[in-house]
Each structure stands twice: as structure tokens, then as C-alpha cells.
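This report concerns only the one structure given below.
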Amino acid sequence: MQVEQWLSVLNQAQHDAVVHDGKSLLILAGAGSGKTRVITTKIAYLISQKQVDPFSILAVTFTKKAAKEMQERAVLLEPRAQYAQIRTFHSFGAYFLRKYAFEAGLASNFTVYDDDDMVTLVTKANPSLTRQQASHAAHFISLAKDYCLLPDSDRLYEITDDERFADIYANYQALLKQTGNVDFGDLILLPYLVLKNNPEVRKEIHLRYHVIMVDEYQDSNVAQFLLLQQLAGVAENADCRVCVVGDDDQSIYKFRGAEVQNILQFQSQFPETKLIRLETNYRSSSQILACADAVVSNNKDRLGKTLVAAHGEGKKPTLVFLPNQDDEASFCADLIEQLHEKKVPYSDWAILYRTNAQSLTFETEFLHRKIPYKVVGSLKFYEREEIKDVLAWLAFLANPRDQIAFRRIVNKPARGIGNTSQDKIVSASAGSSILETARSFKLSKKAAAGMQTFCAVADELNQFFTDPKNKDEKLSAYVQAIVQKTGLEELHKADDEISGTSRVANMQELINSAVLYPCTTEGLLDFLDHIELDRTLENEADEITDAVTLITLHNTKGLEFPRVIITGMESGVFPREDKTGAELEEERRLFYVGITRAKNDLYFTSCAVRRLYGRTNYMFPSPFLHELGDDNVRILGQKPASFESAPEGSRGTEGNPLAKKWHVGLGVYHDDYGHGQIVKAGLSDEGEYVISVSFENGGIKRFLPKYQSAALMVEQND
DNA sequence: CCCGTCGTTATTTTT
DNA sequence: TAACGACGGG
């Protein structure tokens, strides 16, 4: 394709963004505004028109999928784009650390620990912690790393107020160091530290990269921001251009360390920034965009932009009030079935919800009605036990200091090597090869025999690499050998027969996926990196079949569907009960993301009653529904009285629908205390609406109806 | 070492 | 409700 052609399909703002020639560029790209087209065209433009060496271009994204799409589309425009570095932040980190392993204090055979492994490591480093405490600590350690805080930082209080945290974190780091491996956070944090502390490395990098682009910048964390600054050489005014693309209105990963402030403050952190807004939306009808805009304009902390639909006005979105979640599911099913008869494919539809648990009702209903569906995101292939077992063998063979992998596989199948023996061997190895330590370690008779078997298997597998007759083999042959020779196949085959699982088949799928890699140490590490850094295994069968998509709102980012139903629009479910202030704004952005996924049809459903955690809850419509604006939606179903009366955007006690429902004399029933009557109702000192209930079995209890609606309900007088 | 039972506990999760 | 971890008996 010719340059003139790709430039001619761009609108003015897109064109400006592509040809912008200054040092720093912030592209505020609204939903559906063609940002991938802009980035890919810019890469092609730089290479073909500005003679920029593709090797000097680095483009980072957050997902493998986005990286792949970006590369493919750029290559279509300009074949030399295949030499540009287009990868995820974390895979760039892994690449960097293998290259500068020495400077980072690592051996280049490190592998990456996932969140589960982190928890195990935290427990081993801090044996006094319960599993739950360890899992909290692991989460906090991840967050600390996202914010670039080390165990000796005096700002750890920003992560948690637990005073033991610094010690727990330090112990964890010490043990991690001993294994020679890294965790996800290290993939960003360590490259940053290497660059910061090594002028030589920095110089090399600055010579190499002249253009750096970051996609979805609103979801970058502090560590990624700091790494970007180092890569671009902002402090020493290196000759590097930085272009970030993002949408502050779509920042939804704060809980994982994403920092919206990165995009909000970009202009003051990078020199000579030009800001370009992409506000033409090529996805949704203007009626849908009106809803989106009405909602998101309630947020204060934003750069601000207004989307304009390139396509027509479309249909007015529909808000549906339903009695309960079973009716919600059957309403969706009806809609889908009716239109399917008119040849609307199932795959046009996406059902969006706030929490994974909400998918269950839809699954039951759809199974019953034989509506094909696929649940996105719940398939965690690489977190399955049998897969982790095989991967642990691979990790252990790559790095014999990996105690987490060792512990996972040494006694599986059972070889009589219990926890105590494992602890002894690991601590005796003190950071050197666990396999070598184990070989000569004296153990009880039973454990010693088991260990001999284990070592023999490990040796046999290791020989696979060195054996010259395997030098042209694929890695899949090696993975297959692991599955067969370690006894994992028999072990899991037995499981399959008992509980009807498909573990052996899953392992086979893993074997198949290794066919693309050579049977060498590099191939092995490469394979593990790819798995660790891309947990989504695309299932081809899912791609081709016509099915409704069931998906959490978070998982929809970057996707689009002709017809979308956003379900569970109830206060407490979405937004969640405990969200206020900045967190409420993030929930609102999540709603915005959901709305802007829809191309033509958009529905919202809200239930009057929802069973949650085994209790019947009387629900109130989500406050977000008021924000849609009366003129922007068509309403179906019985509109709750509270929906009319509540002032727009109000969540205070004044005019709060909750306050109206409870009055003195009203009979109530409480799940734990039984029948009772309200004896007092009014505002507390804190301005909360409080009721006092006298129960039949004696005793008076005070309740905040706002929080107690789960257990406390109005007596049915019929 | 496996299996049943009891008790606890419920977001979102690109890498 | 349901799912998962902890614990104790066979």
C-alpha cells in the first residue's frame, strides 16, 4: 500500500498524530477512535517517510494480543515494521533482563514466578503466616513493586499499615534471590534499577532506541512510568521521542497498581509535549455515545473529551427493570433467541457483568435453552494443577535452584519425600543446585529410595538435551518425555477416570504448544517466558463457533460487540457497596468502558431482588442509571418507585430511597434474630439513617439499613 | 496418604 | 449458595 493511501484514510486529528515531529506526544484516544490505526500508521510512516531505523523503534503494550495485532497491522503497511520491537511491557522486561542479567544480579536462566508461586514463596520465607496472610502479603509485595518501593523504603505505609510488612517483604526478597528467579513486578522494577544505576547500560539503550511508544498508557503503573523515563533518557535529554496513547476515562486497573496520574501528568513530566485528542468514534451510534458521555462527565479528575459518532444516530439504549436475576437471565435469553430467529447471530451478543460469579445464572439458563455461549476469562489454562506440574518440571530443569518448582514436583507422584525432607534439602542447598544437594543428602530409608527415583528421572530428562540425536527435536518431544517419564501422566490419568476431568488432554495441549520451540535451553526459556507472559491460550474452537459472549466488564477492554447487555445494574453490585470517591470514579469508568463496547444495540438490566451469598437481597437501582439521563434511554419493565424519586447523582441520606422504606412500627424479619418491630428510626450523629428493632425473642438491635439489607427484610403482611 | 466433613468466606486481575 | 481450605479419621 502507498503512503498517500494510508494517510488519506485518516481524519485530521489522526493525521496530525501520525506526522507529529516533536519530542513528546500524548494522544488522548477515546473509545473506538482508531488508536491502533494511528500507532501502526505512525510506525510505518516513521520507517518509510522519516528513514527511522525499525530497530530503533520500541512499542510497548499491555497484552500479548494487542502487541500481536499492532505488529501485524504495522507490517501490512510497511514490511520493515517486522524489525521494530513491538511487545508487552513485561516481555520487554524479560528480554532486557536476559540481556543484562549480570547487571541485574541474575543468571540468564531465570524463570518468572506467577502469583501463586509468590504466595508459596512468601509462606516459605515467613513460616508463621497463615495462607491467607501470605496471600495478602504477596498482593502487597506486588503492589509495592508496582510503585517501585523496596523493602527498605520509608513509604511502605502507603501500601499497608501492617508493621511487619517490611520484614515479610525483605524475607521474601532474600528467598527469591536464593532461587535465582524473578516475579512479575521484577520484570519492570529490575530493568528500571539497572538503567538507573548503570550509565553504560543507559548509554547503550539510548543509542539503540530513538522512538518509544506506549499503548494504553492510562493503565501503566509507577514502575512503568519510571522505566519509561529511563529508557527515553528524559533526565539526560537523550535523543528519543516518546509517544503515549491512552484514555484517562478508561483507566480501570488502579487495584493492580495502575496510576491514572501517569497520563494526567504526562505533559508536565515529558518535555515539549503536544496533546492530540482523537474524538471521532467509529464504533458506536450517537445514542450510545450520549449515554457514555452523560455517565463519564460525572467524573472530576479527567482531561476531558467528547466523542462524536462517525456513524448514525442509531437506536436509543434500553433500560430494563426485572424482578430477579432468573428473570434477568431469561430476559436476555428471550432477546437473543427472538433475534436469532431473524438471523442475528449469537456472536453479536455480549453479556457484561461486574463479577465472575454472576455468569452462573446465565450459564444455567443458556444451557437449558441450548443457546451456545462462551465465558471469557474464566478458563485459566496455565493455572490448572496438571499444567503447573509440567511447567514446574520445565522450570526446575532450567533452573535447579528453583525451590518452588522442586517442592511441587519432588513428591508427585508420591515418593515418600515429605515436607520435612524437602525443607532439609532446600536449606542445605542454600542457593546452589537443589538437585545436586539432593543427590548426596542423607535421608530416611523411604525418602532416600524416592529421591533416587526422582534424581534418576531428572538425569534422564537432562540427558535429553545433551543427547546429540535429539538436537533437531522440537521442545514438544521433551515436554512429552516429561509427561510420560515423571509419572505425571499416570497420576492424572487416574484423576481423569475418577472425576471425569480432562487433565491428560490438557497436558497434551501443552505438549502441542511446545512444537514451535527448539529443544535447547534457549528454546525452553523462551517457551516458559511466552507462557508466563501470555496466560491466554486462544482456543480455536471458540473463535469459529457462533456463541454469545459472557464476560466481566474488566475483560471487555479493547473489544467491541454489535449488541451488548450490561447486567446487574444495582446499587451494591455495580458500583460495589464500598466504593466512594476516587474508587467510585473508577467504577464509573468501568461503566463507561462497558457502554462504549456496543456498536448498535445496548441494554441495561437491573433487578429488584438478587440472591447473593445465599441470601435474598432487596436491591436498589444503580446510581449510575440516573446518570444516563432520562432522555437517553427507553425504559422497560416496572420502574421502581425509588428510581423516580431519587435526585440525580444523590447518594446522601436526604432523598435516599433507603430512608423511606423503614419507619417506626414496621414489622421486620432478620435472618439471625427472627421477627421484630422497628421502634426507632432516624438519623444518627454521623448523619446515617439508623433504625432500632425490638425482636420477639427479646433484645433491641440497631441497624444501618444501608448495610443490613442483606439480613434484614421487611415482613410480608399477607 | 487419601478422603470425607466442617467451617469460612465471598471484586475486578492485561503481565 | 458454592467453593475452597483446614483438619481428623481410616
Side-chain angles (χ1 to χ4, degrees), chain A residues 60-69 87-94 112-116 118-119 130-132 134-135 139 142-143 145-146 182-189 214-221 223-224 246 250-258 325 352-361 364 376-378 380 382-383 411-419 446 491 494-495 498-499 529-536 551-559 568 572-579 583 586-587 589-591 593-594 610-617 671 710:
Chain A
V60 288
T61 64
F62 282 83
T63 66
K64 198 87 175 183
K65 200 172 148 201
K68 200 174 147 206
E69 189 192 350
R87 51 203 315 166
T88 65
F89 245 122
H90 289 85
S91 95
F92 173 77
V112 183
Y113 280 137
D114 69 9
D115 293 354
D116 260 5
M118 270 185 91
V119 176
T130 64
R131 189 162 178 87
Q132 193 173 48
S135 121
H139 173 67
S142 294
L143 266 186
K145 291 191 175 183
D146 287 347
V182 299
D183 57 29
F184 274 120
D186 286 342
L187 293 176
I188 308 299
L189 177 61
V214 186
D215 189 22
E216 304 278 14
Y217 191 63
Q218 77 282 351
D219 284 325
S220 61
N221 60 37
Q224 286 160 338
Q250 293 188 63
S251 171
I252 55 175
Y253 283 107
K254 164 106 189 181
F255 67 94
R256 287 187 55 153
Q325 78 256 51
L352 277 47
Y353 37 78
R354 178 65 230 277
T355 61
N356 281 311
Q358 287 167 256
S359 75
L360 197 71
T361 324
T364 315
V376 174
S378 62
K380 302 225 164 98
Y382 295 109
E383 280 164 33
N411 202 31
K412 197 169 186 177
R415 297 186 181 94
I417 306 161
N419 237 319
K446 194 168 94 185
L491 180 78
D495 276 355
I498 296 163
S499 30
D529 269 4
H530 274 262
I531 285 172
E532 238 15 270
L533 304 179
D534 181 20
R535 312 302 291 264
T536 57
I551 190 168
T552 62
L553 284 148
H554 279 90
N555 264 322
T556 60
K557 202 166 71 163
L559 303 178
V573 174
F574 186 38
R576 284 184 61 80
E577 197 94 63
D578 48 346
K579 302 287 179 180
E583 286 195 315
E586 180 148 313
E587 294 274 299
R589 290 193 291 266
L590 190 56
F591 189 33
V593 168
R610 183 175 291 274
R611 270 190 92 71
L612 274 174
Y613 309 138
R615 278 193 161 141
T616 302
N617 289 16
D671 277 5

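We name chains A, B, ... by the order of the sequence lines, and we start the count at 1 in each one. Basis for what follows: all heavy atoms, side chains included, without hydrogens, waters or symmetry-related copies.
Reading DNA chain C from its 5' end, the first and the last nucleotide to sit under 4.0 Å from a heavy atom of chain A are C/dT1 to C/dA6.
In the set B/dT14, B/dC1, B/dT12, B/dC1 carries the atom at the smallest distance from any side-chain atom of A/Asn411. Among the nucleotides B/dT15, B/dT14, B/dT11, the one closest to any side-chain atom of A/Lys64 is B/dT15. Distances were taken from every side-chain heavy atom of A/Thr552 (C-beta onward) to each of B/dT15, B/dT13, B/dT11; the shortest belongs to B/dT13.
Nucleotides of DNA chain B nearest to A/Lys557 and A/Arg415 differ in position, and the one nearer the 5' end is that of A/Arg415. Where A/Glu583 and A/Tyr253 each meet DNA chain B at their nearest nucleotide, the meeting point lying more 5' is that of A/Glu583.
For B/dT15, the base is not stacked against the aromatic ring of A/Phe89, per a cut-off of 5.5 Å between centres and 30° between planes.
A/Glu69 places no side-chain N or O within 3.5 Å of a backbone atom of A/Ala66 that could act as its donor or acceptor partner. Side-chain N or O atoms of A/Arg354 include none that pairs as donor or acceptor with a backbone N or O of A/Phe574 at under 3.5 Å. In this structure, A/Thr88 contributes its side chain and A/Ser91 its backbone to a donor-acceptor pair below 3.5 Å.
For the OP1/OP2 pair of B/dT11 and a distance below 4.0 Å, the side-chain nitrogens and oxygens of A/Asn356 include no atom meeting the criterion. The phosphate of B/dT12 (OP1 or OP2) has no side-chain N or O of A/Asn555 nearer than 4.0 angstrom.
Atom pair A/His554:NE2 and B/dT13:C1' shows a separation of 8 Å (rounding to whole Å applied). Rounded to whole Å, the distance from CZ on A/Arg576 to P on B/dT13 is 12 Å. Here the P atom of nucleotide B/dT11 and the CG atom of A/Leu612 are 11 Å apart, to the nearest Å. Between A/Asp219 atom CG and B/dT12 atom C1' there is a gap of 12 Å when expressed in whole angstrom units. The distance from atom CG of A/Leu553 to atom P of B/dT11 is 16 Å, rounded to the nearest whole Å. Nucleotide B/dT14 holds its P atom 11 Å from the CD1 atom of A/Ile252, rounded to whole Å. Distance NZ (A/Lys145) to P (B/dT13): 23 Å, rounded to an integer number of Å. Rounded to whole Å, the distance from CG on A/Leu590 to P on B/dT11 is 15 Å.
In summary, A/Arg576 and A/Glu583 do not engage in a salt bridge, as defined by a charged side-chain N under 4.0 Å from a carboxylate O. Here A/Arg256 does not pair with A/Asp146 in a salt bridge; the nearest charged N to carboxylate O distance is not below 4.0 Å.
Using a 30° and 60° split on the angle between ring planes, A/Phe255 and A/His554 fall in the perpendicular class, above 60°.
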- prompt: Could you go step by step and tell me if A/Asp215 and A/Val60 meet the side chain to side chain contact (heavy atoms under 4.5 Å, CB included) rule?
  reply: CA-CA 6 Å; A/Asp215 189 22; A/Val60 288; over 6 Å; no
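Comparing C/dG5 with B/dT12, their P atoms sit 16 Å apart, to the nearest whole Å.
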